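What follows is a short report on a single structure.
None of the values given here were measured: they were computed from a predicted structure. Values below: every heavy atom of this structure, side chains too, minus hydrogens, waters and symmetry copies. The first residue in the sequence is number 1, and the count goes up from there. In each ligand, atom 1 is the first atom listed, and ligand 1 is the first ligand listed.
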Amino acid sequence: MEPSLIVAEHDGWTELTLNRPDRLNAFNEDLHRALAAALDAAADEACRAVLLTGAGRGFCAGQDLGDRASADGPPDLGATIEAFYNPLIRRIRGLRKPVVCAVNGVAAGAGANIAFACDIVLAARSAKFIQAFARIGLVPDSGGTFFLPRLVGDARARALMLLAEPLSAEKAESWGLIWKAVDDATLMDEARALAAHLATQPTQGLALTKAALNASASNGLDTQLDLERDLQREAGRTPDYREGVSAFVEKRPARFSGRRA
Ligand code: T3D
C-alpha cells in the first residue's frame, strides 16, 4: 500500500508530501500520525528546513469527510481537533527551522489553514484556497481564525470564512496571505531551491526569528522589545553569528553550520 506521507531526505532538509491524491490529500488518522512523526523527526539538528507539499492535483482538502459520514450519532470533533489538528499547527509553528509550503493545488478547510501556518508559502498559480468549513456547517479550525484576520484584516477574513468562496493564488499573494504565486511548472523547483537555500542559513537565528514572530501576534510592544533583547542575546552566542561576522569582515561567503553550540 502507498504511504499516506512520502518523506524524502535531502542535503540538510526534508520534503514531506501528503500522499492521498484520490482524496485530494484529505487527512485521515494515518496521515496525521505519519506527519506528526515526520515533523518530530525533522526537529533533529541535521534537518535545517522542511518543505511540505501534496501529491497529485490538490494540496490538501482538510479532514477526510468519508471518515465522518457514519450514522452512529454526532462525532466529537473537538476531540479530533485536540488530538490531531491543534498539535499539528503547534508542531509547524514550534519547529526550530523554517517550514516552506508548496501549495500545488486546491487547499480547502484545514488544508488551507495548515498552509497558512507554515513560514513561507508558495502556491501554484492554478491553486485555490477555500475556507470550506461554512459549506458543511463547521467552524474554521487549524488556527484559521487566528491567522487570517492578522494576515488579511478582519473584513476579508470574515467574508472568506462566511462565504467559503475560493480565493485564487494570485489574490492570496496580493492580499498578503502567502509569499508568492508562481507558475505551476516551476512551483516545485522554486520551492525546493528555497528549502535548500534555507538549509544553508543560520538555522538557530532563523529559529529565534520565528519565535519572535510567533510571539508578536499576542505581545504588546514593551513585551516584544524585551523578547527581542532576550532572543538577540541567545543569537549572539551561536556559532553562526560568529561565522557571519567573521565572513563579513574577511569579505568571504559565510559557511553556517546551523548548530546550537
Ligand atoms: O472532522 C474533524 O475532525 C474536524 C476537523 C475538520 C477540519 C476540516 O478540514 S473540515 C473541512 C473538510 N473539507 C471540505 O469540506 C472540503 C471538501 N472538498 C471539496 O469541497 C472539494 O473536493 C474541493 C473544493 C476541495 C475540490 O473540488 P474539486 O471539484 O476540484 O474536486 P472533487 O471532485 O470534489 O474531489 C476529488 C475527489 O476527492 C473526490 O473523490 P471521487 O469522487 O473522485 O471519488 C472527492 O470526494 C474527494 N475529496 C475531496 N475532498 C475530500 C474528499 N474526500 C474526502 N474528504 C475530503 N475532504
Side-chain angles (χ1 to χ4, degrees), residues 1-6 16-37 39 52-93 99 101-118 121 123-149 151 157-172 177-178 181 184 187:
M1 207 173 79
E2 281 274 303
S4 58
L5 182 78
I6 298 170
L16 304 176
T17 306
L18 308 175
N19 189 38
R20 304 186 71 227
D22 55 328
R23 292 283 160 262
L24 300 181
N25 304 315
F27 273 89
N28 60 8
E29 288 199 15
D30 182 61
L31 178 53
H32 271 300
R33 290 186 206 287
L35 185 55
L39 288 170
L52 178 65
T53 190
R57 72 174 179 86
F59 169 67
C60 175
Q63 171 62 38
D64 188 324
L65 297 177
D67 289 0
R68 296 286 178 266
S70 115
D72 306 339
D76 179 357
L77 299 188
T80 64
I81 297 292
E82 179 73 14
F84 297 115
Y85 289 99
N86 285 354
L88 170 56
I89 300 305
R90 291 189 174 111
R91 274 190 172 88
I92 291 171
R93 298 299 274 198
V99 181
C101 186
V103 180
N104 52 300
V106 66
N113 295 336
I114 289 164
F116 300 141
C118 294
V121 186
R125 240 174 266 287
S126 68
K128 291 190 183 343
F129 297 90
I130 312 174
Q131 293 294 317
F133 308 89
R135 295 182 181 177
I136 55 168
L138 289 187
V139 177
D141 57 30
S142 303
T145 60
F146 181 88
F147 298 125
L148 260 74
L151 289 167
R158 271 174 205 259
L160 286 172
M161 291 179 168
L162 298 179
L163 299 173
E165 283 181 8
L167 186 75
S168 70
E170 284 181 346
K171 207 169 234 186
L177 250 179
I178 64 168
D184 289 28
L187 174 71

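- Here the closest non-hydrogen pair linking Phe129 and Ala115 is CE2-CB, 4.5 Å.
- Rounding to the nearest 0.5 Å places CD of Glu165 at 8.5 Å from CZ of Arg135.
- Against a heavy-atom cut-off of under 4.0 Å, Ala26 is close to the following atoms of ligand 1: 55 (N), 56 (C), 57 (N).
- Considering only non-hydrogen protein atoms, atom 54 (C) of ligand 1 sits nearest to Asp64 OD1, 3.2 Å.
- On a distance-only criterion, Arg68 and ligand 1 share at least one N/O pair closer than 3.5 Å.
- The CG atom of Asn113 sits 10.5 Å away from atom SG of Cys60, with the distance rounded to the nearest 0.5 Å.
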Phe146 and Ile89: side-chain contact (heavy atoms from CB on, under 4.5 Å), yes or no, with the steps?
-> CA-CA 11 Å; Phe146 181 88; Ile89 300 305; over 6 Å; no

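- The shortest contact between atom 57 (N) of ligand 1 and any protein heavy atom is with Gln63 O, 2.8 Å.
- Here the protein heavy atom with the shortest distance to atom 20 (O) of ligand 1 is Arg135 NH1, 4.0 Å.
- Gln63 CD to Leu138 CG: the interatomic distance, rounded to the nearest 0.5 Å, is 9.5 Å.
- Looking at Phe133 against ligand 1, only its side chain comes within 4.0 Å, counting heavy atoms.
- Between Tyr85 and ligand 1, not a single N/O pair is under 3.5 Å apart.
- Of the candidates Thr17, Leu18, Asn25, Asn25 is the only one forming a side chain to side chain contact (heavy atoms under 4.5 Å, CB included) with Pro21.
- The shortest N or O to N or O distance between Ala61 and ligand 1 is under 3.5 Å.
- Closest heavy-atom contact between Ala132 and Ala108: CB-CB, 4.2 Å.
- Atoms of ligand 1 lying under 4.0 Å from any heavy atom of Asp141, numbered from 1 in the order shown and given with element: 5 (C), 6 (C), 7 (C).
- For atom 6 (C) of ligand 1, the protein comes within 4.0 Å by at least one heavy atom.
- By the 6.0 Å contact criterion, CZ on Arg158 is open, its count of non-hydrogen atoms from other residues, nucleotides or ligands being 12 or less.
- Ligand 1 lies nowhere less than 4.0 angstrom from a heavy atom belonging to Lys128.
- Among Val106, Ile136, Val139, the residue whose heavy atom lies closest to atom 11 (C) of ligand 1 is Ile136.
- Scanning the protein for heavy atoms near atom 48 (N) of ligand 1, the closest one is Arg23 O, 4.0 Å.
- From the protein, the heavy atom lying nearest to atom 36 (C) of ligand 1 is Arg57 NH2, 3.5 Å.
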Would Arg68 and Leu77 count as a side-chain contact (heavy atoms from CB on, under 4.5 Å) if you check the C-alpha gap in whole Å, the side-chain angles of each, and the deciding distance to 0.1 Å?
-> CA-CA 9 Å; Arg68 296 286 178 266; Leu77 299 188; 3.5 Å; yes

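- Atom 40 (O) of ligand 1 is approached by the protein to below 4.0 angstrom, counting heavy atoms only.
- Considering backbone and side-chain atoms alike, Ala110 places an N or O below 3.5 Å from some N or O of ligand 1.
- Interatomic distance, CD1 of Ile114 versus CG of Leu88, reported as 4.5 Å (0.5 Å rounding).
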Should Asp64 and Arg20 be marked as a salt bridge (charged side-chain N to carboxylate O under 4.0 Å, His left out) after you check the CA-CA gap, both sets of side-chain angles, and the distance that decides it?
-> CA-CA 10 Å; Asp64 188 324; Arg20 304 186 71 227; 2.9 Å; yes

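- Within the 4.0 Å heavy-atom criterion, the part of Asp22 lying near ligand 1 is the backbone and not the side chain.
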Test side-chain contact (heavy atoms from CB on, under 4.5 Å) applied to Leu177 and Val121, step by step = CA-CA 8 Å; Leu177 250 179; Val121 186; over 6 Å; no

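- Using a 30° and 60° split on the angle between ring planes, Phe84 and His32 fall in the parallel class, below 30°.
- Considering backbone and side-chain atoms together, Leu65 places an N or O closer than 3.5 Å to an N or O of ligand 1.
- The nearest protein atom to atom 25 (C) of ligand 1, hydrogens excluded, is given as Ala108 CB, 3.7 Å; this is a heavy-atom distance.
- Here the CD1-CG distance, from Ile136 to Leu65, works out to 4.5 Å after rounding to the nearest 0.5 Å.
- Protein heavy atoms all stay at least 4.0 Å away from atom 43 (O) of ligand 1.
- Protein heavy atom closest to atom 22 (O) of ligand 1, with residue, atom name and distance, is Leu24 CD1, 3.8 Å.
- Atom-to-atom distance recorded for Asp141:CG and Asn86:CG is 8.0 Å, nearest 0.5 angstrom.
- Remark: minimum distance from atom 24 (C) of ligand 1 to any protein heavy atom is reached at Ile130 CD1, 3.6 Å.
- Counting atoms of ligand 1 from 1 in the listed order, those under 4.0 Å from a heavy atom of Gly62 are 9 (O).
- Only the side chain of Thr80 comes within 4.0 Å of ligand 1, judged by heavy-atom distances.
- Counting the atoms of ligand 1 from 1 in the order shown, those under 4.0 Å from a heavy atom of Leu77 are 1 (O), 2 (C).
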